[in-house]
Amino acid sequence: MVISSASASAASILVLICLSKSSWAFTNPSRNARFIKSHLAYSASDLLYEDQQKAKARRADEEQRLLGTNIKPLLAKKIKQVPVKRGSGFGAGKRDTRTPSQRLAVQQAKIMSKDGVMRIDNVLDGETCDRMRAHVLRQQELADVETAKNAALSEDYYGVENRRKNRCDLLLSLVSGEEDEDDITLDVLRNVLGEEGTLRPIYEELVSNDGEFYEFAAVITNPGSDRQQIHPDLPHRNEAPLYVIFLALQDITEAMGPTTFLLGTHTKKERSKFDDSQMKDEQLANAKSRLALLKKGDAVLFDARILHCGNANEEEGGSTRAMFNFSFRNPKESGSLGYCGSMRPGYVGKISLGDVGAALEQHKNGLLSPFSKLGDGLSC
């Protein structure tokens, strides 16, 4: 009979339990049997998870080798300004009434269609980034306290990266709590998605005001977090289903585990290669890899279909990396996306880009808490 390493380790733990509880075992045989059975099941499950994570780490290392050393930094593309149509004279056509930001968004959308990812610099000022980062890390501490008291709350506070070592998706609240000194969340949203927000025009161009607010979180990694395997965020769709923002709340060095993106891999053709075990490694070896070494306040906008991965946050030289993360869904893609976004359960399916804009306009006109009717987004 072959005994797996997980089973052997679980058996070792079981022996230690029995030895440490020997006198209790003989006086309470039925209770001891239940105790051993439950702890063996827990230990085996836990060890199986650890084995799976080790296998993923080995594959991630192999993928890093395949990508090689020719990985270039992801840079913001220079976009030429398109001449404005004045509309004067016979046959001149309609006057172009779009703002410069709206015309820029059209050019940015073309880059997204071609590459699946783009860097946008100076999305948020440094002082606001500092305040948001402090808020995010404070919320992480509070979430840890609440989930330690009640593990069932974990899915309310954390997204898909809940169990990975030194990495988490912290789900954020749209309303401030008693512990908040100021309403930094509203300040950030106003700066990026308000009437004159830095990202409002590109999102209006990509998803319109009907686009569903699909994610609202912070991605946090600490030194010691492993490199991820290369992956898309969701099953392939004909249209880009989701446009995602990672906004750096501090400068990001290579040792902090920046995200690697593989340009142009958001297409059906490239997904077919990735899903084919005979073609996948060759695809990675020939990929145009870009590393998102962002400065504080810079952002990466990406199509959720693109292949990407977070790198390891090094134990020596690394430091806590906090990224403000949100996304909007493309209304052209209906039905289940096969991916639950990082959003508190009470907000799911309830807010659009237009709703966010309207709430921020209400705040501008004096309403202190425009998202109060939605509450903190927790399920209980």
Legend entry - Pairing of K149 and E146 as salt bridge, 4.0 angstrom limit: yes
Inset, instruction - Determine yes or no for a side-chain-to-main-chain donor-acceptor pair under 3.5 angstrom, with D355 supplying the side chain and S352 the backbone. - result: yes
Inset, instruction - State, with a plain yes or no, whether a side-chain heavy atom of R321 is found less than 4.5 Å away from one of I252. - result: yes
Legend entry - Test item: Y243 side-chain N/O and M112 main-chain N/O as donor-acceptor pair under 3.5 Å: no
Inset, instruction - Return yes if some donor-acceptor pair links the side-chain N/O of R344 with the main-chain N/O of D376 below 3.5 Å, else return no. - result: yes
Legend entry - 4.5 Å side-chain heavy-atom contact, L360 and E195: no
Inset, instruction - Could you tell me whether R119 and D121 have a side-chain N and a carboxylate O separated by less than 4.0 Å? - result: yes
Legend entry - Donor-acceptor contact below 3.5 Å, side chain S154 vs main chain A151: no
Inset, instruction - For the pair D210 (side chain) and P331 (backbone), establish whether a donor and an acceptor sit closer than 3.5 Å, ignoring hydrogens and angles. - result: no
Inset, instruction - Spell out, as yes or no, whether a donor-acceptor pair under 3.5 Å connects the side chain of D276 to the backbone of S272. - result: no
Legend entry - Side-chain (R227) to main-chain (A60) donor-acceptor, under 3.5 angstrom: yes
Inset, instruction - Flag the pair E215 / V244 as yes when at least one side-chain heavy-atom distance between them is below 4.5 Å, and no otherwise. - result: yes
Inset, instruction - Would you mind reporting whether I79 and L104 have side-chain heavy atoms less than 4.5 Å apart? - result: yes
Inset, instruction - Please tell me if the side chains of L291 and P73 come closer than 4.5 Å, counting only heavy atoms from C-beta onward. - result: no
Legend entry - Distance-only side-chain donor-acceptor flag, N313 / S225, under 3.5 Å: no
Legend entry - Side-chain touch L242/D233, heavy atoms, less than 4.5 angstrom: no
Inset, instruction - Any ring pair (Phe, Tyr, Trp, His ring centres under 6.0 Å) involving residues 289-334? Give me the pairs, sequence neighbours left out, ordered by first then second residue. - result: Y203-F326, Y203-F328, F213-F328, F216-F324, H231-H308, F246-F302, F261-F302, F261-H308, F302-H308, F324-F326
Legend entry - Euclidean distance, K114 NZ relative to H266 NE2, rounded to 0.5 Å: 9.5 Å
Inset, instruction - Check whether any side-chain N or O of Q250 sits under 3.5 Å from a backbone N or O of A322 as a donor-acceptor pair, and report yes or no. - result: yes
Inset, instruction - Consider only side-chain N and O atoms of Q108 and E205, and report whether a donor and an acceptor are under 3.5 Å apart. - result: no
Inset, instruction - Evaluate side-chain hydrogen bond (donor to acceptor under 3.5 Å, both in side chains) for D187 paired with T128, printing each intermediate quantity in order. - result: CA-CA 8 Å; D187 286 349; T128 305; over 6 Å; no
Legend entry - Verdict with reasoning, N311 to T260, per side chain to side chain contact (heavy atoms under 4.5 Å, CB included): CA-CA 7 Å; N311 289 282; T260 294; 2.9 Å; yes
Legend entry - Flag side-chain contact, heavy atom, 4.5 Å: D251 against L294: no
Legend entry - Test item: E282 and L66 side chains (from C-beta on) under 4.5 Å apart, heavy atoms: no
Legend entry - Donor-acceptor contact present, side-chain R237 to main-chain S334, <3.5 Å: yes
Legend entry - Main-chain N/O of L193 paired with R200 side-chain donor or acceptor, under 3.5 Å: yes
